Colleague: 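Have a look at this one.
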There are 2 protein chains.
Amino acid sequence: MIGFEDFIMADGMPIYLQILLYIKRGAAAGAIVDGDELPSRRMLSALLGVNPNTVQKAYKMLEDEGLIASHAGAKSLMVLDETTIARLKKELLADEVRAMARSFRQMGLSKEEAVALLDAYWE
Amino acid sequence: MIGFEDFIMADGMPIYLQILLYIKRGAAAGAIVDGDELPSRRMLSALLGVNPNTVQKAYKMLEDEGLIASHAGAKSLMVLDETTIARLKKELLADEVRAMARSFRQMGLSKEEAVALLDAYWE
DNA sequence: GCAACTGTACTAATGCAATAATACAGTTAC
DNA sequence: GTAACTGTATTATTGCATTAGTACAGTTGC
């Protein structure tokens, strides 16, 4: 069962996209693997304090992308092969780093300063 | 006059927030300085292909924060002192790096891998 | 078999982002 | 002074995100 312990709700991004991203990142990291059970729509919505329909929207998009399989009455399961995982990793990292590099450059940071900051905030 | 040459519209974030962020980052970087003229609401909306009200919303928030001064009939001007610039720099960088470090960690990257990626994508 | 879960599918209502179309009063350039 | 700009304000409409409530059919554990 996939846990949402380190899920932190942010604002500025739709909740259903945050859920989507959380699962994709977990899959890219290997924390979520093929065959893993997803929490039910009702369980996760209660856990996150959001509406079941919001979770359903995220799950539906994941299913449309082929990342999860759902059957009426049964828990939804992750469907992940090596090709998919590799694609996810590539996509997510490229998006993230591109956006970050752009914003750093826009703020006038040198590469060295950016690296130093990343180092400091890593925790 | 502040130019918006390198403004790239992204989706997932409200347009008025993107405009707000663009100006704040410019101010933090020193590319935008005290007394600089802002493009008029109508000019910028035409340039970006959005509604004048969307630009107005961003400008209004900047004015509420004391970062710009507007007088009916005249162009709006940037209001930036050293204290404000220092505050902007600190706020923007902290937000950015925190979000990025979280997402990298969620994807299972080590600090060294993150630094290497940042290096690769810098340009 | 039955209760408690599961996915799925609706409808309705609310709030925010964005567009559209005006209107009015103040400033600026000629 | 006048035309062309400027900021400001208002109303209406559209679409998306989110909540709320309900319903139904399939699966699972006992």
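Hydrogens, waters and symmetry mates play no part in the numbers below; they use all other heavy atoms, side chains included. In the text below, chain A, chain B and the rest are named by the order of the sequence lines, each starting its count at 1. Small disclaimer: the values here were computed from a predicted structure and weren't measured.
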Colleague: Give me the bend of the helix from C:dG1-D:dC30 to C:dC30-D:dG1, using the axes of the five pairs at each end, rounded to 10°.
Modeller: 30°

Colleague: Do A:I68 and A:F4 sit in the same hydrophobic cluster, where Ile, Leu, Val, Met, Phe, Trp and Tyr count as joined when their side-chain heavy atoms come under 4.5 Å apart?
Modeller: yes

Colleague: Could you state the atom-to-atom distance from CE of B:M1 to C1' of D:dC5 in whole Å?
Modeller: 11 Å

Colleague: Base, sugar-phosphate, or nothing: which does A:E63 touch, judged by heavy atoms less than 4.0 Å apart?
Modeller: sugar-phosphate

Colleague: Is a donor from one side chain sitting under 3.5 angstrom from an acceptor on the other, for B:N51 and B:T54?
Modeller: no

Colleague: Both A:K75 and A:K60 contact DNA chain C. Which one's nearest nucleotide lies toward the 5' end?
Modeller: A:K75

Colleague: Does a salt bridge link A:K60 with A:E65, judged by any charged N lying under 4.0 Å from a carboxylate O?
Modeller: no

Colleague: Side chains of A:R41 and A:S70: does their closest heavy-atom pair fall under 4.5 Å?
Modeller: yes

Colleague: Using whole Å, report how far CZ of A:R41 lies from C1' of C:dG7.
Modeller: 6 Å

Colleague: Once you round it to whole Å, what is the distance between P of C:dT27 and CG of B:L77?
Modeller: 13 Å

Colleague: Among C:dG26, C:dT19, C:dG7, which is the nearest nucleotide to the side chain of B:A72?
Modeller: C:dG26

Colleague: How close or far is atom P of C:dA17 from atom CD1 of B:I19, stated in whole angstroms?
Modeller: 13 Å

Colleague: Mind calculating the distance between OH (B:Y59) and P (D:dT8) to the nearest angstrom?
Modeller: 11 Å

Colleague: Main chain of B:S110, side chain of B:E113: is a donor-acceptor contact present, judged purely on distance under 3.5 Å?
Modeller: yes

Colleague: Is the backbone of B:I2 close enough, under 3.5 Å, to the side chain of B:E37 for a donor and an acceptor to pair up by distance?
Modeller: no

Colleague: Mapping B:M13 and A:Q56 to their closest nucleotides on DNA chain C, which lands nearer the 5' end?
Modeller: A:Q56

Colleague: Closest nucleotide of DNA chain D for B:N53 versus for B:M43: which of these residues is on the 5' side?
Modeller: B:M43

Colleague: At less than 4.0 Å, is any side-chain N or O atom of A:S76 found next to OP1 or OP2 of C:dG7? Yes or no.
Modeller: yes

Colleague: Salt bridge or not for A:E96 and A:R25, using N-O below 4.0 Å?
Modeller: yes

Colleague: Roughly how many Å is it from CD1 in A:I15 to P in D:dC16, rounded to a whole number?
Modeller: 18 Å

Colleague: What is the distance, to the nearest angstrom, from the CG atom on A:D11 to the P atom on C:dC16?
Modeller: 13 Å

Colleague: Please give, in whole Å, the distance from D:dT18 C1' to A:L20 CG?
Modeller: 17 Å

Colleague: OP1, OP2 of D:dT18 versus side-chain N and O of A:K57: anything below 4.0 Å?
Modeller: no

Colleague: Is the closest side-chain heavy-atom distance between B:M78 and B:D34 below 4.5 Å?
Modeller: no

Colleague: Starting the side chain at C-beta, find the nucleotide from D:dT6, C:dG7, C:dA20 nearest to B:S40.
Modeller: D:dT6

Colleague: Any side-chain N or O of B:Y16 less than 4.0 Å from the OP1 or OP2 oxygen of C:dA17?
Modeller: yes

Colleague: Considering only side-chain heavy atoms of A:A74, which listed nucleotide, D:dA17, D:dA20, D:dT27, is closest?
Modeller: D:dT27

Colleague: Applying a 4.0 Å non-hydrogen cut-off, can you work out what A:Q18 is touching in the nucleic acid: base, sugar-phosphate, or nothing?
Modeller: nothing

Colleague: When the nearest nucleotide of DNA chain D is assigned to A:R42 and to A:T54 on a heavy-atom basis, which residue is associated with the more 5' position?
Modeller: A:T54

